[in-house]
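In what follows, a single structure is set out as structure tokens and then discussed.
Scope of the values below: all heavy atoms of this structure, side chains included, with no hydrogens, waters or symmetry mates. The structure presented is a predicted model; accordingly, all values stated were derived computationally and were not measured.
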Amino acid sequence: MMHKPNKNCRIIFAGSSDFAVPALKSLLSQSYKIVAVLTQPDRRAGRGRILKPNPVKDFADKRGLSVFHPVNLDDKKLQKSLASLNADLMIVAAYGLMVSEGILALPRLGCVNLHASILPRWRGASPIQAAILNGDSYSGVSLMQMDAGLDTGPLLSKVKLSILPEETGGELQNRLAKLASQLLMENIQDLISSSLEPIPQLSEHATYAGKINKRDGLINWSQSAIEIHHQILAYNPWPVAYTLFEGKILRCWAATVIESDQTTNSLLPGEVLVQSSKGILVATGEGVISLIEVQLPGRKRLSALQFNNAHDLIGYRLG
């Protein structure tokens, strides 16, 4: 006998990035009660450094939801405001701030996290990029009961996803976001009824993915072509892998590792071998990589053919 879904559960949703939006959207489309949205404060972006809301805040504001955007979660006034909501459950997805113990203790059913990896692999802030950087064959989403540690709580459910060849960080995030939404909706009623069995993580298998900054995008041409290719894929669309060309930042949006008949033993890492309509061939610490889409500051993204028509790079050393 099928039971009628319980949609009276009072939910606080915490998230900031694009990854979190499909899950929040699904909850609303199924008429679950979102009593508040926690998200990060607006950030300055663009040339004008204009304050801009993150994707979750933008989505929540347009739907008239109650939004809190604290700098941190230790604020006692914030905790008092959240406590007054009498939430049953808190759902976290790519929030970007550590959830304090004071917040974790508020919901009757506790707090759960949708994390973009198969835990305990790639705990931390950048699991999607870390998976691509390290050449993993798969990623996935874990539904985890939160505790005071960094993604250390017991697993409630998980689902794997193969990483596609040439898949960028942005493309993988989009697929994982949809998968996270599906995983949440498949388990939401069991979360509400507390019928999911928590399975402790094997901490000895844990790996960590730290917070990314723009400097991480700088290409070290002494690395292998495969490692550089992974970097270019992982950091598309942010922070974007880059090198230096004539003292300017040259963003590298797309590339491929190629089989080259030319010997690179006498070439320095970063030295340009060939310019063709298909790419800019560059020597690395091991192998050859072909840059196929690049961008100079303040300019449009260009194909290798377009860039080569305006610049002679043969013999030039990037970096």
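- With hydrogens and angles ignored, the 3.5 Å screen pairs a side-chain donor or acceptor of Gln201 with a backbone N or O of Gly153.
- Counting heavy atoms from C-beta outward, Pro239 and Ile212 have side chains that approach closer than 4.5 Å.
- The salt bridge (Lys or Arg N to Asp or Glu O under 4.0 Å) pairs that include a residue from residues 148-166 number zero, where partners must be two or more places apart or lie in different chains.
- Among all heavy-atom pairs drawn from Leu89 and Cys9, the shortest one is CB-SG, 3.9 Å.
- Contact check for Ile232 versus Thr168: no side-chain heavy atoms found under the 4.5 Å cut-off.
- Among pairs with a residue in residues 88-107, those fulfilling salt bridge (Lys or Arg N to Asp or Glu O under 4.0 Å) read Asp88-Arg108, at least two apart in sequence or across chains.
- For the pair Ser84 (side chain) and Ser81 (backbone), a donor-acceptor distance under 3.5 Å is present.
- Between Trp122 and Asn134, the side chains place no donor N or O within less than 3.5 Å of an acceptor N or O (distance only, hydrogens not considered).
- Applying the salt bridge (Lys or Arg N to Asp or Glu O under 4.0 Å) rule to pairs touching residues 180-193 yields nothing, sequence neighbours excluded.
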Full working for side-chain contact (heavy atoms from CB on, under 4.5 Å) between Val56 and Val67: CA-CA 10 Å; Val56 169; Val67 179; over 6 Å; no
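- Tyr138 is not listed as a side-chain neighbour of Leu161, based on a closest heavy-atom distance of 4.5 Å or more.
- Across every non-hydrogen atom of Phe19 and Ala94, the tightest pair is CD2-CB, 3.7 Å.
- With hydrophobic clusters built from ILVMFWY side chains whose heavy atoms lie under 4.5 angstrom apart, Leu106 does not share a cluster with Tyr32.
- Counting only heavy atoms from C-beta outward, the side chains of Leu155 and Leu143 never approach each other to under 4.5 Å.
- A pairwise comparison of heavy atoms in Phe68 and Leu78 identifies CD2-CD1, 3.7 Å as the closest pair.
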message: Run the side-chain contact (heavy atoms from CB on, under 4.5 Å) test on Met146 and Val112 for me, step by step, so that the C-alpha distance in whole Å, both residues' side-chain angles and the decisive distance to 0.1 Å come before the verdict.
response: CA-CA 5 Å; Met146 295 179 70; Val112 298; 5.6 Å; no
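- Annotation: the span from Ile228 atom CD1 to Asn220 atom CG amounts to 7.0 Å, rounded to 0.5 Å.
- Between Ala60 and Val37, the closest heavy-atom pair is CB-CG2, 4.1 Å.
- The two atoms that bring Ala116 and Pro127 nearest to each other are O-CB, 3.4 Å, heavy atoms only.
- A distance-only check finds a donor-acceptor pair linking the side chain of Asn187 to the backbone of Leu183 [under 3.5 Å].
- For the salt bridge (charged side-chain N to carboxylate O under 4.0 Å, His left out) test, no residue two or more places apart in sequence or in another chain qualifies with Arg10.
- Residue Ile292 is not grouped with residue Ile132 when hydrophobic side chains (ILVMFWY) are merged at heavy-atom distances under 4.5 angstrom, including chains of intermediate members.
- With sequence neighbours left out, the salt bridge (charged side-chain N to carboxylate O under 4.0 Å, His left out) criterion links Glu167 to Arg175.
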- request: List the steps and the verdict of side chain to side chain donor-acceptor pair (under 3.5 Å) for Ser224 and Thr284.
  value: CA-CA 6 Å; Ser224 71; Thr284 72; over 6 Å; no
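- The CG atom of Leu184 sits 11.5 Å away from atom CG of Leu179, with the distance rounded to the nearest 0.5 Å.
- Using a 4.5 Å heavy-atom threshold, the side chains of Val159 and Ile118 count as separate.
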- prompt: side-chain contact (heavy atoms from CB on, under 4.5 Å) between Glu271 and Val282: does it pass, once the steps are laid out?
  reply: CA-CA 6 Å; Glu271 191 170 342; Val282 186; over 6 Å; no
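- Remark: side-chain polar atoms of Ser100 are paired, donor with acceptor, to backbone N or O of Leu73 under 3.5 angstrom.
- With sequence neighbours left out, the salt bridge (charged side-chain N to carboxylate O under 4.0 Å, His left out) criterion links Arg317 to no other residue.
- Taken together through direct or relayed side-chain contacts under 4.5 Å among Ile, Leu, Val, Met, Phe, Trp and Tyr, Leu191 and Val92 form parts of separate hydrophobic clusters.
- To the nearest 0.5 Å, atoms CD1 (Ile103) and CG (Leu82) are separated by 4.5 Å.
- Among pairs with a residue in residues 206-219, those fulfilling side chain to side chain donor-acceptor pair (under 3.5 Å) read Arg123-Tyr208, at least two apart in sequence or across chains.
- Side-chain N or O atoms of Asn308 include one that pairs as donor or acceptor with a backbone N or O of Ala304 at under 3.5 Å.
- A continuous path of hydrophobic side-chain contacts links Ile11 to Leu65 [ILVMFWY only; heavy atoms under 4.5 Å].
- Here the closest heavy-atom approach between residue Ile249 and residue Pro297 is recorded as O-CD, 3.0 Å.
- Sorted pairs that involve residues 240-258 and meet salt bridge (Lys or Arg N to Asp or Glu O under 4.0 Å), not counting sequence neighbours, are lacking altogether.
- With sequence neighbours excluded, no residue forms a side chain to side chain donor-acceptor pair (under 3.5 Å) with Ser142.
- A distance-only check finds a donor-acceptor pair linking the side chain of Thr243 to the backbone of Gly319 [under 3.5 Å].
- Between Phe13 and Leu28, the closest side-chain pair of non-hydrogen atoms is not below 4.5 Å.
- Residue pairs meeting the side chain to side chain donor-acceptor pair (under 3.5 Å) criterion with at least one member in residues 52-68, sequence neighbours excluded: Thr39-Asn54, Lys57-Asp61, Asp58-Lys62.
- The closest donor-acceptor contact from the side chain of Gln30 to the backbone of Leu27 lies at 3.5 Å or more, if one exists at all.
- Counting heavy atoms from C-beta on, the side chains of Leu119 and Met144 come closer than 4.5 Å.
- Ser157 OG to Leu114 CG: the interatomic distance, rounded to the nearest 0.5 Å, is 10.0 Å.
- Atom CD1 of Ile226 is surrounded by 12 or fewer heavy atoms from other residues, nucleotides or ligands within 6.0 Å.
- Side-chain atoms of Gln295 do not come within 3.5 Å of backbone N or O of Cys252 as any donor-acceptor pair.
- Remark: the backbone N or O of Ala130 is not paired with any side-chain donor or acceptor of Ser126 at under 3.5 angstrom.
- For the atom pair Ile280 CD1 and Leu318 CG, the distance stands at 7.5 Å (nearest 0.5 Å).
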message: Could you go through Leu133 and Gln231, starting from their C-alpha distance and side-chain angles, then the distance that decides it, and tell me whether this counts as side-chain contact (heavy atoms from CB on, under 4.5 Å)?
response: CA-CA 6 Å; Leu133 278 171; Gln231 181 183 13; 4.1 Å; yes
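- Counting only heavy atoms from C-beta outward, the side chains of Gln145 and Pro198 never approach each other to under 4.5 Å.
- Follow the hydrophobic side-chain contacts under 4.5 Å out from Val272 and you reach Leu302 in the same cluster.
- Between the Gln173 side chain and the Ile128 main chain, no donor and acceptor come within less than 3.5 Å of each other.
- Within the structure, side chain to side chain donor-acceptor pair (under 3.5 Å) pairs that include any residue of residues 285-294 comprise Glu293-Arg301 (at least two apart or interchain).
- Sequence neighbours left out, the pairs with a member in residues 225-254 that pass ring-ring contact (aromatic ring centres under 6.0 Å, His included) are Phe245-Phe307, Phe245-His311, Phe245-Tyr316.
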